[in-house]
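Just the heavy atoms: all of them, side chains too, but no hydrogens, waters or symmetry mates, feed the values below. All ligand and atom numbering here is 1-based and tracks the order in the structure.
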Amino acid sequence: MKKIKKVLLINPAVTVSKGSIRRMPTPLGLLYIAGSLEKNSYTVSILDSACEGYENVTFRQSEEIYGLTDEVLRQRIAEEMPDFVGVTCGFSRQEEETFRTCRIVKSVFPNVFICVGGIHPYFFSKKILRECPEISFIIQKEGEYRLVSLIDAINEERNFGNIDGIAYRKYGEICINPAQSVIKDIDALPFPARHLVNMEKYIDIGLFGNPFPKAERVDQILTSRGCPYHCDFCATKPYWGNFRRRSAENVFTEILEVKQNYNIQEIQFRDDNLTVDKKNTFELFEKMKSLDLVWCSGVMIKGLDEEMIEAMANSGCYKLTISPESGSERVLRELINKPLRMESIKPVVDLAHKYNISIHSDFIVGYPGETKNEIFRTFEFAKEIETDSASFFLASAYPGSALFERCQRKGWVKEDSYKTDFKNAGIHISPSDPEYVMSAKALVELVDRKTREHNEWYKSRKPKRWNEKYKMFLKKHQNESDKILGRVV
Ligand code: B12
């Protein structure tokens, strides 16, 4: 058999709800894997269908898909002449585009092995191997070392029995070797292989995690993996496990690299929670003070005090995204399982404002078990804490979360509702259930209306701050100004 030398990694087209801001972050997972493959002497190329085909938008029911057409994708894959193909599937909703991509790969190179990875295939390995015969392997969880082990094993004609964390077929049966190890020393990983993608296009589009940047040239960096908490709706902990971080020195070196290579002026941290290890975070902020950079991130409210917020501001922070989730302590404690005290939230928002850092807040409403009063309390609470912008999301049963399992047990979601029923997140509680509050359709309308209302309310109160905040977005995406109000991040 021909030895594998050249690996092609593909980011499929992206599916979002109609009318959403079409974000275009770098495919960080693939960039990490590429770095690791290159270190092990494989030749790698990356085909980001979403980015290359960003302008090609098609519509399917309530969804919007952006990425290369079948024809162009086929042609691009053919040009790359890969010996092995890896495809990422980070969101459950991405399943259909992932399958489409794999079918196209096989139509061009029928003998090439395809491996997929990411959160969704991990939680649905059996189902995916059953439904998509084009896929030969699924990497379980972190892929940097596992993909190299898999390709080495194929090249050396070893069997896969003792490779940690892969799913595959053997004589028609599906075998899953569970992922038993995690990468403890993230500093040991090569930096994401940004040189393999057209960074200028991502920078030009400028819609990374936070689509409302302050500076012209943005990039993202991940400083940690995993989370110390285990919120009921979230798939992070079951996938990434316990919190692990990179050293401040290692992160700082990557920041210097992106600044130097791509003239980056703004860093958006892609972490679930940037400030878990306070000592290390202070060290990073201290180093960042020497750079002419601005930054933003999502953070956990717990542990944020004046010393931390001042250090953030001094190192260039202009915006934090917090997730109070609810205006009701009962909902947080009993339903969401989030260790957050209500009275700690407003002081953090006030402190951030004192240091001229803006605050975006994410809330979840319609949580199974939540009452109508609690839902409306959340809308009031967002105003009371005076968050600069807010997104109210409908409780969503994402595969991999405890909520998804509960909803399945109760019969509130269909197995594949994440594919067809995304906007109302697939949760349908029957009117005869004690948890029923209102229909899924009414809830969707409510969250959309309340998100818009909140953001209009803030705009009319602080017009100067508002204009400043959205200046860069409007400079690049003038004709999408209405999207700011609907889903402000
Ligand atoms: C940053 C982020 C975003 C960003 C950017 C996403 C992006 N495209 O990169 C933005 C803000 C756009 C976003 C949006 C949303 N997000 Co989000 N997001 C994240 C977050 C915090 C980090 C993702 C990330 O970059 N990880 C870092 C990289 C290095 O990891 P990775 O890509 O997974 O790759 C590693 C492995 O998975 C594996 N791997 C991945 N691909 C491949 C491929 C191969 C071949 C191999 C071998 C291995 C492999 O190896 C990689 C290296 O170790 C995760 C939570 C988390 N910690 O994972 C949620 C998460 C992925 N998001 C989630 C959700 C629900 C959403 C939204 C639906 C939220 C909403 N209501 O709008 C939207 C959906 C967008 C859409 N397309 O539909 C869920 C997904 C759950 C699910 N089962 O679908 C997650 C898990 C959070 C959660 N609450 O549970 N998100």
Using heavy-atom distances, let me know which of [options] sits nearest [atom].
| atom | options | value |
| --- | --- | --- |
| atom 29 (C) of ligand 1 | Gly86, Pro211, Gly29 | Gly29 |
| atom 46 (C) of ligand 1 | Ile21, Ile33, Val148 | Ile33 |
| atom 70 (C) of ligand 1 | Phe208, Phe124, Tyr398 | Tyr398 |
| atom 55 (C) of ligand 1 | Val7, Ile65, Thr236 | Thr236 |
| atom 39 (N) of ligand 1 | Cys234, Cys227, Pro121, Gly118 | Gly118 |

message: Taking Lys214 first and then Glu266, would you say they form a salt bridge - that is, a charged N and a carboxylate O separated by under 4.0 Å?
response: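 Salt bridge between Lys214 and Glu266, a charged N being under 4.0 Å from a carboxylate O: no.
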
Under 4.0 Å from a heavy atom of [X]: which atoms of ligand 1 are those, numbered in the order shown and with their elements?
| X | value |
| --- | --- |
| Ala235 | 88 (C), 90 (O) |
| Cys115 | 45 (C) |
| Thr15 | 76 (C), 77 (N), 78 (O) |
| Val14 | 77 (N) |
| Ile139 | 47 (C) |
| Glu144 | 52 (C), 53 (O) |
| Asp272 | 21 (C), 55 (C), 56 (C), 57 (N) |
| Ile119 | 58 (O), 83 (N), 86 (C) |

Tyr54 six-ring face occupied by Arg22 cation (under 6.0 Å, within 45°): yes

query: Is it the case that Arg225 places NZ or CZ above or below the six-membered ring of Tyr32, under 6.0 angstrom from the centre and within 45 degrees of the axis?
result: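 Satisfied, under 6.0 Å and within 45°.
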
- prompt: Are side-chain N/O atoms of Lys5 and Asn155 paired as donor and acceptor at under 3.5 Å?
  reply: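 There is no such pair between these side chains.
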
Examine [X] against ligand 1 and note whether any of their N/O atoms are separated by less than 3.5 Å.
| X | value |
| --- | --- |
| Gly117 | yes |
| Arg270 | yes |
| Leu9 | no |
| Tyr239 | yes |
| Thr26 | no |
| Thr88 | yes |
| Val87 | no |
| Glu142 | no |

For [Y], does its backbone N or O pair with a side-chain atom of [X] as donor and acceptor, under 3.5 Å?
| X | Y | value |
| --- | --- | --- |
| Gln220 | Leu28 | no |
| Glu370 | Gly366 | yes |
| Lys126 | Cys175 | no |
| His477 | Ile205 | yes |
| Arg146 | Glu142 | yes |
| Thr451 | Phe392 | yes |

query: Are more than 12 heavy atoms from other residues, nucleotides or ligands located less than 6.0 Å from atom NZ of Lys476?
result: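 Yes, because the 6.0 Å sphere around NZ of Lys476 holds more than 12 heavy atoms from other groups.
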
query: Is the number of heavy atoms from other residues, nucleotides or ligands under 6.0 Å of Lys201 NZ greater than 12?
result: yes

Just heavy atoms, cut-off under 4.0 Å: does [X] contact ligand 1 by side chain, backbone, both, or neither?
| X | value |
| --- | --- |
| Tyr122 | neither |
| His120 | neither |
| Trp240 | side chain |
| Pro25 | side chain |

- prompt: For Glu52 and Arg76, what are the C-alpha separation, side-chain angles and deciding distance, and is it a salt bridge (charged side-chain N to carboxylate O under 4.0 Å, His left out)?
  reply: CA-CA 10 Å; Glu52 284 191 26; Arg76 286 285 293 109; 2.9 Å; yes

Could a heavy atom of [X] be found less than 4.0 Å from some atom of ligand 1?
| X | result |
| --- | --- |
| Lys141 | yes |
| Ser401 | no |
| Arg23 | yes |
| Arg225 | yes |
| Gly400 | no |

task: May I have the step-by-step check of salt bridge (charged side-chain N to carboxylate O under 4.0 Å, His left out) for Arg100 and Glu96, ending in yes or no?
output: CA-CA 6 Å; Arg100 175 170 79 93; Glu96 205 157 318; over 6 Å; no

- request: Mind telling me whether Tyr168 and Phe160 have parallel, tilted or perpendicular rings, with 30° and 60° as the class edges?
  value: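 Perpendicular: the ring planes of Phe160 and Tyr168 meet at over 60°.
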
task: Would you please classify the geometry between the Phe84 ring and the Phe137 ring as parallel, tilted or perpendicular, with 30° and 60° separating the classes?
output: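 Taking Phe84 first and then Phe137, their aromatic rings lie parallel (interplane angle under 30°).
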
- prompt: Taking side chain as C-beta onward, heavy atoms only, is Ile183 less than 4.5 Å from Trp240?
  reply: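 A side-chain contact is absent here, since even the closest heavy-atom pair is not under 4.5 Å.
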
